[in-house]
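The analysis underlying the following values was restricted to heavy atoms, covering all of them including side chains, and did not include hydrogens, waters or symmetry mates. In what follows, chains carry the letters A, B, and so on, assigned in the order in which the sequence lines appear, proteins first and then strands, with residues in each chain numbered from 1.
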Amino acid sequence: MMKKFLKKLFLFALPLMVLSIPLDIMLSNYLKKSNNYNGEMEVMNDIYSGKASCDIAIMGSSRAWVHFNPEIIEKAVNQSVYNFGHDGHNFWLQYMRNLEYNKYNKAPKTIIQSVDVFTIQKRKNLYLYEQFLPYMLWNSNMAKYTSTYEGYDFFDYYIPLVRYCGEKEVLKEAYSYWKGTKNPNDKTRTKGYAGRDKKWNSDLKKATVKKEKYTISIDKPSEELLEKFIIECNKNNIKLILVYTPEYIDGQKFVKDRNKVIDVYKKLSKKYAVPFWDYSSDSISFNKDYFYNANHLNKTGSNLFTTKFAERFKKEITTK
Amino acid sequence: MLFNTISFALFLPLVFLLYWFVTNKSIKAQNILLLVSSYFFYACWDWRFLFLLVFSTLLDYFTGLKMEEAKNQTAKKFWFWLSISINLGFLGVFKYYDFFATSFAEALAQVGVNTSPITLNVILPVGISFYTFHGLSYVIDIYYSKIKAEKNFIDYSVFVSFFPLLVAGPIERATHLLPQIQRERVFDYNKAVDGLKQILWGLFKKVIIADQCAIYANLIFNNSDDYSGSTLFLGAVLFTFQIYGDFSGYSDIALGTARLFGIELLQNFSFPYFSRDIAEFWRRWHISLSTWFRDYLYIPLGGSKGGTWMKVRNTFIIFIVSGFWHGANWTFIAWGFLNAVYFLPLLLSNSNRNNLDIVAKGKNFPSLKEFGMMLTTFTLTVIAWIFFRAENITHALHYITEMTTNIFNYEFYSQSYKMLSKIGFQFLYLLFLFILIEWNGREGKYALENFGVKWYKPVRYSFYYGVILLLFLYGGKEQQFIYFQF
């Protein structure tokens with residue numbers, strides 16, 4: 001009786017088990033085509049297909065993503081550039097992206113690491129968690145770094161299809177690429193960069209209404225990881241530059257303990273002889289026309305900033 | 001560990017295989033395995049509360065033995081009251097202390113005496129009301145010499161802690177469960193298949209019906225000021241399905257799981273929303289709790305043997321206590337009270353036992369009269385659930401007031417259509433299908449028991465795969481079961 005029960009149960013479950021892997025692969029492949037989720041999958045696809053190989057890698061958060069135009073730097077220094085700016089995430093996942101990059105691409109000669117007040121402050125939730133779905137099955141780096149957030153649990157990384165369970169919107173997105181109603185060639189990023197044609201919005205005003213000052217809480221593991229990264233770059237002869245890109249002056253005033261975070265970068269810069277270029281006091285930071293909110297430059301602002309940066313980079317780094 | 005998680009989907013087969021293949025030679029070994037697994041299952045929530053569970057088990061086990069060994073009635077009474085007071089003391093501290101302290105302070109404030117009550121703010125141990133009631137029934141049964149005290153500690157512990165029923169029932173009786181734990185269990189193919197079907201149906205109820213209804217019921221209840229009457233009514237109906245899907249779904253999974261181990265648990269639900277009056281509803285809703293209160297509270301109070309006044313008094317007591325059992329909030333008391341009010345006309349007219357059989361037995365459709373009765377009972381239940389779900393009494397009363405005002409305005413109805421579109425007609429079809437399957441299976445122990453058994457096998461299996469596909473589409477980040485908080 002037991003034998004019959006187990007045999008029947010096995011036969012019932014067999015199609016589910018057998019189909020789960022190809023279904024997972026199929027779903028993931030269609031989802032990878034998505035230009036949704038701020039185009040993060042376009043960057044991940046370039047990384048995993050080896051198309052992101054570059055001489056100069058720009059790392060950081062959304063402030064890297066919308067601030068550095070790789071084409072301007074490429075023209076100025078005649079080297080290949082890719083912007084790996086990761087929207088909404090701090091150094092913890094920026095480092096993971098770097099690890100994944102190194103697995104499938106040639107090591108860059110230079111890394112421009114964009115740092116800001118959020119670089120070493122870790123959020124609890126896994127912002128835009130859907131962007132990791134197609135890449136996370138049996139991916140140890142992703143399991144190690146994304147599992148520290150609220151979002152996925154152990155089984156999501158190791159059992160096919162489990163992570164797609166209940167993800168109706170994600171499934172719809174994959175289905176639309178399968179059906180051909182969405183075009184995978186409608187890219188939102190160019191070499192990882194996306195300039196924003198936006199005007200100043202009310203984000204800062206809303207934030208100041210909510211609270212008088214924003215307090216940063218430094219995440220020690222993130223700070224240690226940044227230090228580890230600097231040591232690794234030095235060890236592997238990768239030129240590293242820490243850059244604090246322009247930030248609108250009223251936004252700077254809104255953040256309490258801002259100097260405490262900047263001191264961390266200054267300290268690391270001094271300790272490991274890594275340049276730290278701070279654009280907080282640059283004229284761009286005083287002109288609202290270049291921003292769409294306190295932390296993000298618009299397209300005009302980013303082109304101006306990248307031009308300024310590229311000139312300095314050419315002068316101080318490539319000619320040395 | 002929740003039933004609707006991958007962890008449980010791995011835990012259950014593992015225990016099942018160990019139970020039937022490794023420990024199958026001895027009942028003692030099987031029971032030890034069940035106990036260890038149950039403690040592991042419980043510790044997955046919060047291992048610290050495991051000590052409380054073990055203490056509660058030890059307390060009732062020893063007081064049970066002491067009562068039996070007692071040489072005189074005074075000694076027996078001592079051990080009985082020791083157990084009762086400690087058990088209720090735990091419930092009082094963990095579940096009700098803060099409620100009484102703040103209510104007392106509020107009452108004093110009404111007469112101008114302002115106090116700041118000391119509250120404990122402790123986390124409620126999962127399942128405390130359920131396992132305490134297990135222990136209480138055991139001790140009371142021994143005291144009244146209905147059963148003998150259990151000598152084997154492992155067997156008794158399994159009775160209290162058996163993992164399928166540990167956190168949300170059914171509330172078992174020693175007379176029903178203990179003999180099953182003590183005798184040899186033989187694997188029964190049909191029972192095991194039946195168990196799997198009941199688990200599948202329980203998951204459907206929880207993951208698809210309850211959790212989907214919860215999204216919109218929460219939205220409406222949490223923002224009730226923003227919605228018009230018909231939307232508020234829709235919110236209450238959705239909660240009515242949510243709580244049924246949630247709790248009866250849990251019970252189905254518990255019963256199905258226990259059946260895989262050759263153990264039959266008490267039926268907890270029997271299609272309550274097809275009841276023709278509120279008395280029938282209470283014979284079909286959370287049966288193990290209703291019968292517990294009937295046997296250990298209503299009957300000792302005199303039951304329906306006394307005069308009309310006594311019957312009315314006892315009815316109100318049992319309903320209010322039953323409401324209060326659910327949680328330390330006036331809303332639960334109001335819910336219990338309202339059900340007593342519903343029950344009263346049936347009691348006074350001596351018609352509370354009119355509908356003992358399932359509605360339209362042996363027929364496909366109910367008569368018009370039966371349909372009207374079911375609809376009326378359902379509507380009364382929907383109104384009562386508003387108290388159960390509301391944040392407080394004011395919220396509940398405001399909700400009901402808003403639900404019943406401006407019923408002749410276009411706005412009253414137009415907004416609910418928008419809400420229905422938001423919910424999605426796809427889900428509404430599923431809800432309708434669910435009601436149909438429940439109706440079709442209402443003569444069985446659970447809806448899927450005889451569903452499709454005569455179908456061509458591939459069709460039946462396609463149905464099961466279809467349910468699994470729906471679970472995949474609607475599942476995901478697991479939702480807690482409502483009754484865990486009780």
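Counting heavy atoms of neighbouring residues, nucleotides and ligands inside a 6.0 Å radius, atom CH2 of A:Trp200 exceeds 12 of them. At most 12 heavy atoms of other shown residues, nucleotides or ligands fall within 6.0 angstrom of atom OH in B:Tyr429. Around NZ of A:Lys205, the count of heavy atoms belonging to other residues, nucleotides or ligands within 6.0 Å does not exceed 12. Counting heavy atoms of neighbouring residues, nucleotides and ligands inside a 6.0 Å radius, atom NZ of B:Lys28 does not exceed 12 of them. Residue-environment remark: CZ (A:Phe254) exceeds the threshold of 12 foreign heavy atoms within 6.0 Å. Within 6.0 Å of NZ on A:Lys168 lie more than 12 heavy atoms contributed by other residues, nucleotides or ligands. Summarising the local packing, NZ of A:Lys213 is surrounded by more than 12 heavy atoms from other residues, nucleotides or ligands at distances under 6.0 Å. Environment of OH in B:Tyr189: crowded, with over 12 heavy atoms of neighbouring residues, nucleotides or ligands closer than 6.0 Å.
Within residues 3-16 of chain A, the residues having any heavy atom under 4.5 Å from a heavy atom of chain B are, by residue number, A:Lys4, A:Phe5, A:Leu6, A:Lys8, A:Leu9, A:Leu11, A:Phe12, A:Pro15, A:Leu16. Below 4.5 Å, heavy atoms of chain A meet heavy atoms from B:Phe16, B:Leu17, B:Trp20, B:Phe21, all part of residues 14-26 of chain B.
Contacts of B:Leu470 with chain A are absent, with no heavy-atom separation under 4.5 Å from either backbone or side chain. Only the side chain of B:Ile468 has a heavy atom closer than 4.5 Å to any heavy atom of chain A. Both the backbone and the side chain of A:Leu161 come within contact range of chain B, with heavy atoms under 4.5 Å apart.
Side-chain contact between B:Thr5 and A:Phe155: absent, with no pair of heavy atoms (C-beta onward) separated by less than 4.5 Å. Here the side chains of A:Leu171 and B:Phe472 are in contact, with some heavy-atom distance below 4.5 Å.
Atom CD1 of B:Ile6 is separated from atom SG of A:Cys165 by 7.0 Å, given to the nearest 0.5 angstrom. Atom CZ of B:Phe187 and atom CE of A:Met1 lie 9.0 Å apart (nearest 0.5 Å).
Considering only heavy-atom pairs separated by less than 4.5 Å from chain A, the leading option among B:Tyr461, B:Tyr465, B:Tyr474 is B:Tyr465.
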